[in-house]
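Only one structure is covered here, and it is reproduced in the block below.
Convention: sequence-line order gives letters A, B, ...; per-chain numbering from 1. Remember, it's a predicted structure, so these values are computed and weren't measured experimentally.
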Amino acid sequence: MKRQRISDLLARPEAGGDVDIAGWVRTKRDSKEIVFLNVNDGSNLAGIQVVVPRDAACFEDARKLTTGASVAVSGRLVDSPGGKQRFEILASGLRIYGLADPATYPIQKKKITLEYLREVAHLRPRTNTFGAVFRVRNTAADAVHRFFQERGFVWIHTPIITSADAEGAGELFRVTVLDPASPPRMDDGRVDYREDFFGRETYLTVSGQLAVENFCSALGNVYTFGPTFRAENSNTTRHLAEFWMIEPEMAFADIHDDMDLAEEFLKYIIAVVLRDRAEDMSFLAERYDPELLPRLEHILASTFARITYTEAVEILERSGRPFQFPVRWGMDLQTEHERYLCEEHFMGPVIVTDYPMEIKAFYMKQNDDGKTVRAMDILFPGVGEIVGGSQREDDLEKLVSRMRALGMREETYWWYLDLRRYGTHPHCGFGLGFERLVQFLTGMSNIRDVIPFPRTPKNADF
RNA sequence: UCCUCGAUAGCUCAAUCGGUAGAGCAUGCGGCUGUUAACCGCAGGGUUGCAGGUUCGAGUCCUGCUCGAGGAGCCA
């Protein structure tokens, strides 16, 4: 069957011609004389109005339709006399694929909360809000690849199942095929994972970074963009057990190149979404967050402030603010500190660099002062930390001594350490949670509303 | 994991001091109109999250549990 996308029809310069569409009925308004349908095929926010006059052969069929039904419509694209749309379809033919019983169909026309829609997550993409969010998400994901591809970065598909714990970042989900009721055991009673599928303990990845560093050491500039898993018992609006992460890695580059890349990257994604998803963005701004578009435009227009951790601590100490967690050199910045820096002091994005070594991961390059590392976090107004990155330690001895200090087993990381043994080089990269980016782009306040089927503690429905 | 708040019709919410559980939307039926959150009329719809307790009487007070939301921590 031939089918035209509604967004393409609405983009035409003028009305006229026979058209065929198919989609789902959003609303119906009918009378004895005429039926008005709004049909949406997912290609845009507004859908298109279908008009079925009484003398049309399909009039009685049209009267049967209710919200949620699926139909194909053929007719003529005509100028709409009504005020709210440019074109509409004067129907001559109509095929019903499936009705939707209005007594039980959960998506009603008015006032449905986001919490309720999470309980019917399989149907929520049929709402205006989730249609808009997931079109924006798609555009952002495409822009991620375009950004890196245009700059010659090579996309590396790092493994989902891993045996190494990168930096101890969060709790791990175990991957096993052993019978949980009666696993094979060793003499001392511990589970014998030598009998397991991989012959050892394995987990879902918490980060593709260590793997992508390997490819950086051969292909130059690389990135990963894929799913990541954390078994943390985090119940917040910004955490998921399964989320997508973007992790670029650049060879022969330092922390300043890293900051430049991250700033350019964020502005690129924002600009593409504002340009290509204007209708959806306007809807989200109107419905949820009037400051959304100005805030994004502000990011585009600003140069990210760049300060060291030590300077950040001085600013916070001088602020005179009675923070719940008093500021002290050596502690990690709390949410309230990050918000003060970018929302009140700098009034815009801030990049904080050179954090104390003790609060950062083992692989970050140590500074000459012996106290700090070449880390960089980008803080955004409203969301806090959106990017975390660093220059990596490329000196074998320093890396090994740091790992020993943290009690890490060198044998586990022999392949990672080989990068420093053979042709080591300065390199850097950063990590970015894709859903947090989509949250910032759409203004959605809960991260569970920017991923199709959220996985959170006690919830893996659908 | 911690703190706070919440759970009443399909959905969103009311219910005064502890005293007969209501409305809007949705649904059904009817009407009307180039309508667009359509409109007008009528009707049906409830074990007030679960389990106990106090009381003549509990949606309301008490205890425990479950689930949800917001904040914090952890982090991306």
Side-chain angles (χ1 to χ4, degrees), chain A residues 25-39 46-54 66-68 78-85 88 90 100-120 127-128 166-171 205-209 227-247 287 324-325 331-336 338-339 359-361 377-380 383-389 430-440 445-451 456-459 461:
Chain A
V25 174
R26 284 290 174 80
T27 59
K28 179 189 68 170
R29 296 170 292 279
D30 67 339
S31 72
K32 278 189 302 195
E33 299 302 321
I34 194 165
V35 174
F36 296 97
L37 304 169
N38 181 275
V39 177
I48 194 165
Q49 174 159 282
V50 171
V51 183
V52 188
R54 187 178 181 80
T66 55
T67 301
V78 298
D79 289 313
S80 178
K84 299 207 172 179
Q85 59 278 317
E88 62 189 23
L90 185 59
D101 182 359
T104 56
Y105 188 60
I107 308 295
Q108 296 165 5
K109 281 188 232 175
K110 286 189 181 182
K111 205 174 186 181
I112 309 178
T113 59
L114 295 171
E115 293 80 32
Y116 172 71
L117 287 170
R118 279 175 217 147
E119 296 171 13
V120 287
T127 63
N128 286 335
E167 70 184 287
E171 298 292 314
T205 183
V206 295
S207 165
Q209 184 194 313
T228 312
F229 308 86
R230 305 275 170 94
E232 288 287 344
N233 189 13
S234 296
N235 297 285
T236 79
T237 55
R238 348 175 262 295
H239 289 85
L240 292 163
E242 175 183 291
F243 63 99
W244 286 58
M245 193 148 64
I246 298 154
E247 293 170 294
R287 182 65 66 91
Q324 190 186 344
F325 294 87
M331 68 179 286
D332 208 355
L333 299 179
Q334 303 293 314
T335 301
E336 59 180 341
E338 295 178 348
R339 294 188 68 136
I359 60 173
K360 288 294 182 182
D377 286 357
I378 301 185
L379 313 180
F380 262 18
V383 294
E385 181 187 331
I386 192 160
V387 164
F430 62 83
L432 170 81
F434 184 57
E435 283 74 18
R436 290 200 181 162
L437 179 61
V438 177
Q439 244 187 308
F440 185 73
S445 55
N446 194 315
I447 199 166
R448 294 161 206 182
D449 297 327
V450 300
I451 190 167
T456 54
K458 299 282 185 285
N459 182 11
D461 292 341

In whole Å, what is the span from the [atom1] atom of [X] to the [atom2] atom of [N]?
| X | N | atom1 | atom2 | answer |
| --- | --- | --- | --- | --- |
| A:Phe243 | B:C75 | CZ | C1' | 8 Å |
| A:Leu333 | B:G73 | CG | C1' | 15 Å |
| A:Ile447 | B:G71 | CD1 | P | 12 Å |
| A:Asn233 | B:C75 | CG | P | 15 Å |
| A:Phe325 | B:C3 | CZ | P | 15 Å |
| A:Leu37 | B:A37 | CG | C1' | 16 Å |
| A:Leu90 | B:U35 | CG | P | 16 Å |
| A:Leu117 | B:A69 | CG | C1' | 15 Å |

* Hey, would you say the A:Phe440 and A:Phe380 ring centroids sit under 6.0 Å apart? ->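 That pair passes the under 6.0 Å test.
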For [X], report the nucleic acid contact type (base, sugar-phosphate, nothing); a contact means any heavy atom under 4.0 Å.
| X | answer |
| --- | --- |
| A:Pro102 | sugar-phosphate |
| A:Arg54 | nothing |
| A:Ser445 | nothing |
| A:Arg238 | base |
| A:Tyr116 | sugar-phosphate |
| A:Leu240 | base |
| A:Glu336 | nothing |
| A:Thr237 | sugar-phosphate |
| A:Glu115 | sugar-phosphate |

Can you find a side chain N or O atom of [X] that sits less than 4.0 Å from OP1 or OP2 on [N]?
| X | N | answer |
| --- | --- | --- |
| A:Lys84 | B:A37 | yes |
| A:Arg448 | B:A69 | yes |
| A:Thr335 | B:G73 | yes |
| A:Ser234 | B:C74 | no |
| A:Asn38 | B:U36 | no |
| A:Arg29 | B:U35 | no |
| A:Lys458 | B:C67 | no |

When rounded to the nearest Å, what value does the distance between [atom1] atoms of [N] and [M] take?
| N | M | atom1 | value |
| --- | --- | --- | --- |
| B:G53 | B:G59 | P | 15 Å |
| B:G19 | B:C61 | C1' | 15 Å |
| B:C42 | B:G24 | P | 10 Å |
| B:A58 | B:C2 | P | 34 Å |
| B:U16 | B:U27 | C1' | 32 Å |
| B:A69 | B:G52 | P | 28 Å |
| B:U60 | B:A26 | C1' | 28 Å |
| B:U63 | B:A15 | C1' | 25 Å |

Would you mind reporting whether [Y] and [X] have side-chain heavy atoms less than 4.5 Å apart?
| X | Y | result |
| --- | --- | --- |
| A:Glu232 | A:Pro457 | no |
| A:Val25 | A:Asn38 | no |
| A:Met245 | A:Ser207 | yes |
| A:Thr127 | A:Ile112 | no |

Between [options], spot the one nearest the side chain of [X], thanks.
| X | options | value |
| --- | --- | --- |
| A:Asn446 | B:A38, B:G73, B:A69 | B:A69 |
| A:His239 | B:G73, B:U36, B:G70 | B:G73 |
| A:Gln334 | B:U1, B:A76, B:G73 | B:G73 |
| A:Ser80 | B:U35, B:G68, B:G73 | B:U35 |
| A:Thr27 | B:U36, B:A38, B:G34 | B:A38 |

What is the pairing partner of [N], taking Watson-Crick or G-U wobble pairs with both distances under 3.5 Å in any strand?
| N | value |
| --- | --- |
| B:U16 | none |
| B:U1 | B:A72 |
| B:U36 | none |
| B:U60 | none |

* Go through the side-chain N and O atoms of A:Arg29 and A:Gln49 and say whether any donor and acceptor fall under 3.5 Å apart. =>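 Their side chains do contain a donor-acceptor pair, which is all the 3.5 Å distance test asks for.
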* To do: Evaluate the side chain to side chain contact (heavy atoms under 4.5 Å, CB included) criterion for residues A:Ile386 and A:Leu432: first the C-alpha distance (whole Å), next the side-chain angles of each, then the deciding distance (0.1 Å), finally the verdict.
  => CA-CA 6 Å; A:Ile386 192 160; A:Leu432 170 81; 3.8 Å; yes
* To do: Ignoring hydrogens and angles, answer whether the base of B:G73 and the side-chain atoms of A:Glu232 contain a donor-acceptor pair closer than 3.5 Å.
  =>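 Between B:G73 and A:Glu232, which were checked side chain against base, a qualifying N/O pair under 3.5 Å is absent.
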* Kindly say whether, by distance alone, the side chain of A:Asp30 makes a donor-acceptor pair under 3.5 Å with the base of B:U35? =>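 There is none.
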* Asked: For A:Leu333 and A:Glu338, which heavy atoms make the closest approach, and how far apart are they?
  ->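 Minimum heavy-atom contact is O-OE2, 3.9 Å.
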* Taking all non-hydrogen atoms of both residues into account, name the closest pair between A:Pro106 and A:Tyr116 and its distance. =>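 The pair with the smallest heavy-atom distance is CB-OH, 3.4 Å.
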* Asked: If you pin A:Asp101 and A:Ile34 to their nearest nucleotides in RNA chain B, which one's is more 5'?
  ->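 Its nucleotide being nearer the 5' end, the pick is A:Asp101.
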* To do: Using the closest heavy atom to pick a nucleotide of RNA chain B for each, name whichever of A:Pro106 or A:Thr236 lands nearer the 5' end.
  =>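 First, find each residue's nearest nucleotide; the 5'-ward one identifies A:Pro106.
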* Asked: What is the glycosidic conformation of B:C40: syn, defined as within 90° of 0, or anti?
  ->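 Because its glycosidic torsion lies more than 90° from 0, B:C40 adopts the anti conformation.
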